[in-house]
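Worksheet: the structure to be examined is printed underneath.
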Amino acid sequence: MNNPNGVSLDVDGNVYISDSNNHRIRFIPRVTGTYFGQPMTADSIYTIAGTGTGGFNSDNVVATSAQLNGPQGLCVDVAGNVSVADYTNHRIRYIPKMSGIHFGQTMIANNIYTIAGTGVWGASGDGGIATAAKIHNPSDVDMDESGNLFIADRSNHRIRVIANTSGTYFGQLMTANSIYTIAGTGTSAYGGDGGVEPGSTPIPKRGSASI
């Protein structure tokens, strides 16, 4: 492998690895069987996403035919769907285990889709559909038991969330499949402990410059 940057387990004990500099997601099955459309042997390793060439070529294709670009953190939800922080593509990618509607999109099992980000780095889109929002070098993702997806939007210095269902979260009224900032002001600094994020006044670290 080449600089693996993320690892996750599913409920069955299968291992998922973000093999960052190989631009792939790798998989180690706990038991022999068929996974992601591939026959696999227990304790062997397989690629389930990425071609090995960094870049972006397409969505809505079999995940092993899609390019990733320096993927970092990843997570697997209780249903076995995989979310990936596609770092240099400035996107969150998603591989559904079963065909159906996910994040407002009709998806096919084992294909790959963008669920956040336009592919152009930036900071925009809060309150709107996540695929129209700009993110910048996302470095990690996680999902709660309600299906809300949390993003470490690294170079934007924010934590963002894609709401799974409409409702009030973190004191904000949110719409399903839209993206929101729940922590961070967008400035590289330290501040706000004991206060509400975002919106508290950052206190720059001594000897550092705000970005």
Side-chain angles (χ1 to χ4, degrees), residues 1-89 91-117 130-131 138-152 161-165 176-177:
M1 292 189 284
N2 194 349
N3 287 334
N5 265 313
V7 65
S8 189
L9 297 174
D10 66 20
V11 294
D12 296 317
N14 302 305
V15 181
Y16 301 72
I17 302 163
S18 187
D19 192 359
S20 186
N21 285 5
N22 280 329
H23 311 292
R24 300 173 187 263
I25 304 301
R26 315 285 290 277
F27 180 81
I28 305 172
R30 186 176 180 185
V31 298
T32 298
T34 299
Y35 304 86
F36 299 93
Q38 304 178 51
M40 299 186 184
T41 303
D43 306 320
S44 294
I45 194 167
Y46 300 85
T47 293
I48 59 170
T51 65
T53 300
F56 178 84
N57 57 357
S58 187
D59 276 318
N60 194 17
V61 295
V62 174
T64 50
S65 298
Q67 290 178 320
L68 303 171
N69 202 346
Q72 296 205 0
L74 76 167
C75 68
V76 187
D77 67 22
V78 294
N81 305 302
V82 183
S83 301
V84 179
D86 195 357
Y87 185 83
T88 309
N89 278 331
R91 300 171 186 261
I92 306 302
R93 313 291 288 278
Y94 186 82
I95 307 166
K97 184 175 182 180
M98 300 292 291
S99 299
I101 305 295
H102 306 265
F103 294 95
Q105 302 181 50
T106 301
M107 298 187 182
I108 298 171
N110 307 320
N111 281 11
I112 195 167
Y113 301 84
T114 294
I115 58 171
T131 49
S139 60
D140 207 358
V141 287
D142 203 1
M143 186 175 286
D144 67 17
E145 60 186 8
S146 298
N148 302 305
L149 186 72
F150 298 82
I151 302 165
V161 64
I162 305 173
N164 183 43
T165 56
N177 307 318

Checklist entry - Which heavy-atom pair separates I17 from I28 by the least distance, and what is that distance? => result CD1-CD1, 3.9 Å
Checklist entry - Between N89, N57, D86, I112, which is the residue that forms a side chain to side chain contact (heavy atoms under 4.5 Å, CB included) with Q67? => result N57
Item to check | Separation of R93 CZ from L74 CG (nearest 0.5 Å) | outcome: 13.5 Å
Checklist entry - Under 3.5 Å, side chain of T41 to main-chain N/O of T32, donor-acceptor pair present? => result no
Item to check | Nearest-0.5 Å distance that lies between atom OG1 in T47 and atom CD in Q38 | outcome: 7.5 Å
Checklist entry - Below 4.5 Å, heavy atoms only, C-beta onward: do I48 and Y16 meet side chain to side chain? => result yes
Checklist outcome for this item: Interatomic distance, OG@S65 vs CG@N110, rounded to 0.5 Å, equals 11.5 Å
Show me the donor-acceptor pairs, under 3.5 Å and distance only, between side chains in residues 77-85 and residues at least two apart or in other chains.
| unit_1 | atom_1 | unit_2 | atom_2 | d |
| --- | --- | --- | --- | --- |
| D77 | OD1 | A79 | N | 2.9 |
| D77 | OD1 | G80 | N | 2.9 |
| D77 | OD1 | N81 | N | 2.9 |
| D77 | OD1 | N81 | ND2 | 3.4 |
| D77 | OD2 | N81 | ND2 | 3.0 |
| N81 | OD1 | K97 | N | 2.8 |
| N81 | ND2 | Y94 | OH | 3.2 |

Checklist entry - Which is it for D19 and N2 under the side chain to side chain contact (heavy atoms under 4.5 Å, CB included) test, yes or no, and what are the steps along the way? => result CA-CA 6 Å; D19 192 359; N2 194 349; 4.3 Å; yes
Checklist entry - Do L68 and R24 have side chains that get closer than 4.5 Å, going by heavy atoms? => result no
Checklist entry - Is the backbone N or O of P71 less than 3.5 Å from a side-chain atom of S20, with the two atoms forming a donor-acceptor pair by type? => result yes
Checklist outcome for this item: Here the gap from I45 atom CD1 to F27 atom CZ, rounded to the nearest 0.5 Å, amounts to 10.5 Å
Checklist outcome for this item: Between R26 and M1, the two heavy atoms sitting closest are NH1-CG, 3.7 Å
Next on the checklist: Please check: side-chain N/O of S18 versus main-chain N/O of Q72, any donor-acceptor pairing under 3.5 Å?
Outcome noted: yes
Next on the checklist: Between S146 (side chain only) and N148 (backbone N and O only), is there a donor and an acceptor less than 3.5 Å apart?
Outcome noted: no
Item to check | Which atom of R91 lies closest to which atom of P138, heavy atoms considered | outcome: O-CG, 3.7 Å
Checklist entry - Does Y46 have any side-chain hydrogen bond (donor to acceptor under 3.5 Å, both in side chains) partners at least two apart in sequence or in another chain, and if so, which? => result none
Checklist entry - So do the side chains of S139 and N5 get within less than 4.5 Å of each other, counting heavy atoms only? => result no
Checklist entry - Is D12 reaching over with its side chain to a backbone N or O of N14, donor-acceptor style, under 3.5 angstrom? => result no
Checklist entry - Going by atom types only, do D59 and T114 share a side-chain donor-acceptor pair under 3.5 Å? => result yes
Item to check | Distance (rounded to the nearest 0.5 Å) between I151 CD1 and I92 CD1 | outcome: 4.5 Å
Checklist entry - Sub-3.5 Å donor-acceptor pair from the side chain of T88 to the main-chain atoms of G70, do we have one? => result no
Checklist entry - Between P29 and Y35, what is the shortest heavy-atom contact and its length? => result CB-CE1, 3.6 Å
Next on the checklist: Please enumerate all residues that pass side-chain contact (heavy atoms from CB on, under 4.5 Å) together with I108, with sequence neighbours excluded.
Outcome noted: N60, S99, N111, Y113
Next on the checklist: Does any part of the side chain of D144, heavy atoms only, come nearer than 4.5 Å to the side chain of F150, both counted from C-beta?
Outcome noted: yes
Checklist outcome for this item: Nearest heavy-atom contact between I95 and A49 is CD1-CB, 3.7 Å
